[in-house]
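Only this structure's heavy atoms are used, side chains among them; waters, hydrogens and symmetry mates stay out. Note that the structure is predicted; figures quoted are calculated from it, not measured. A, B, ... follow the sequence lines: proteins, then strands. Residue 1 opens every chain.
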Amino acid sequence: MSSLEHLFRREAGRMVATLTRVLGVANVALAEDVVQDALCRALETWSIRGIPEDPAAWLMTTAKNRALDVLRRERTVRTFAPEVAWHIESDAALRPRLDELSAGAPIADDQLRMMFSCCNPRLTEESQIALVLNILCGFSVSEIASAFLSRDETVKKRITRAKALLAGSKRLFELTDADFAERLSSVQRALYLLFSEGFHGASTDSAVRAELCDEAMRLTALLCANTSTATPASYALGALMFLHAARLPSRVDAAGELTQLLDQDRSRWDQRLLLEGQRLLEASATGEELTAYHVEAAIASLHAAAADAASTPWVAIVSLYDVLMRVRPSPVVALNRALAIAMCHGPARGLEELRAIENRDRLSAYPFYSAALGELELRAGQTTAAYERFREALALARNPTERRFLERRLAACRPDGREAPPTK
Amino acid sequence: MAQFAFLYRGGDPMPASPAQMQQRMEKWLAWFKDLADKGHIKDRGVPLDRSGAVVTRGPKHAITDGPYAEKDLVIGLTVVEARDLAHASELSLPCPIFEQGGCVEVRPILTL
């Protein structure tokens, strides 16, 4: 049933975005209610009658009718933006107006506006991401909580507060060009974090994680398809997502175990995604600004172009990490830089770099700092030290997949371990 | 072959998330497909809204909202073909409504 894939979830996001444009941001809850009703109706009807020819249109018509009912009943007690209120006062004008409004703008445009509304600068990044996932991607509170390993309560509070802030807005969906420009970097950042959670996150469910990556890519594609948001940074963001996503099929091996980049079966990388990533990277190479997305995409593209670890241009990768440390320094970037240095100049240099990372205390809960130290010690022949490092990492593992990965690295430290460390 | 009505009764409230709703619907579609592939579907039938009225006449006329409890509510019906009541009942067993806490009432259809 591939044509139906995520139909309910995706249509929920689209419909809420469109109806919110019609009803105003203050009525986003009303939009969500009528969409929920439409989905319930669809479930009951389609279950027995089968799926109609145009399920999206069926859902939208049902939601719109439901909205009309509610508006007729409640128009006196609700607050509407002036543009809508005028039409809602006259019953005869209500339906044509609703039809006209919901047919007016392309759906992609509604979703774009919703994305920018969710990324309100007064919300934290976590709240922005939770809102995007809830409103635009149709994930429920508990689905979001389980993807981020948070508690339902926490996510629910976050979303409720964020929606209250949206509902306080008197404006219609009209974001000005200035809003778009001002919020674009928040939107890009939220999508970047959404993708990272899917790619590196702690959730054990790889299907959930792939969905997060898919959604981030879908929404980034919307940014790249709209003239006012298709900046070089948006293209670079898209490029890094596609280039990384291309490697997803090989991140776990046939037995479902985590595999390091160096050991991945590169024939399993998705060529279509790689090509699209390269195309976006080329499109991003205009203008003056060099963003962290550009640099990360460039690194990903060098990995993607190399046939194996040995032929990877590590010197170039190290210099890109140097740039990244200037543009957006972080302990995780420093860690990856140290690993690249180890590939150029040997494990001893890599270890020096790892131990010199500023703010490395911020990595203290991250299993892969200890694991990186262990990996390089192992390559330097310091098996006892490496063993201890992997044990520390194991204690920090966030899920069974990470745990099994680190157990295999531990086994490699034993004298009888089958995996001999590379000698480079 | 005789004809039977499957009356779907009751069931849990709707799942909260669109993905779960879709999952539930896909189970129903798969079940119908299976029945249809084996040639048992006479008429897919109709879903019924949960609202409605119960009308009684006689000494006391009344139209009420229906005194039925959620769990007894008929939410849809289908006409199937089976050898006998036992066979029809067996055919109903994989119906997703059981996972939703509801049941299937199997009733022989009287024909000429």
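- Of all heavy-atom pairs spanning A:Leu7 and B:Gln22, the tightest one is N-OE1, 3.0 Å.
- For the residue pair A:Cys40 and B:Met21, the shortest heavy atom distance occurs at N-CE, 3.2 Å.
- Contact check for A:Val141 versus B:Ser17: no side-chain heavy atoms found under the 4.5 Å cut-off.
- Separating the OG1 atom in B:Thr78 from the CZ atom in A:Arg49 is a distance of 9.0 Å, to the nearest 0.5 Å.
- Annotation for B:Leu110: atom CG does not count as buried by contact number, only 12 or fewer foreign heavy atoms lying within 6.0 Å.
- The CG atom of A:Asp37 lies 10.0 Å from the CE atom of B:Met14; values are rounded to the nearest 0.5 Å.
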Any chance you could lay out the side-chain contact (heavy atoms from CB on, under 4.5 Å) test for A:Phe8 and B:Met25, step after step, and finish with the verdict?
-> CA-CA 10 Å; A:Phe8 275 46; B:Met25 180 195 67; 3.9 Å; yes
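- With a 4.5 angstrom heavy-atom cutoff, B:Pro96 does not touch chain A via any of its atoms.
- Using a 4.5 Å cut-off between heavy atoms, A:Glu44 touches chain B through backbone and side chain atoms alike.
- Using a distance-only test at 3.5 Å, with no hydrogens or angles considered, no donor-acceptor pair links the side chain of B:Arg24 to the main chain of A:Ser47.
- Closest heavy-atom contact between B:Ala19 and A:Glu143: CB-OE2, 3.7 Å.
- Contact of A:Gln36 with chain B is made through backbone and side chain together, with heavy-atom distances under 4.5 Å.
- By the neighbour-count criterion of 12 heavy atoms within 6.0 Å, atom CZ of B:Arg44 is densely surrounded, having more than that number from other residues, nucleotides or ligands.
- For A:Arg10, no part lies under 4.5 angstrom from a heavy atom of chain B.
- Judged as a side chain to side chain donor-acceptor pair (under 3.5 Å), and not counting sequence neighbours, the contacts of A:Lys163 are A:Glu32, A:Asn134.
- Not counting sequence neighbours, A:Thr220 has no partner by the side chain to side chain donor-acceptor pair (under 3.5 Å) test.
- Around CD of B:Glu90, the count of heavy atoms belonging to other residues, nucleotides or ligands within 6.0 Å does not exceed 12.
- Residues B:Pro47 and A:Ile48 come closest through the heavy atom pair CA-CD1, 4.0 Å.
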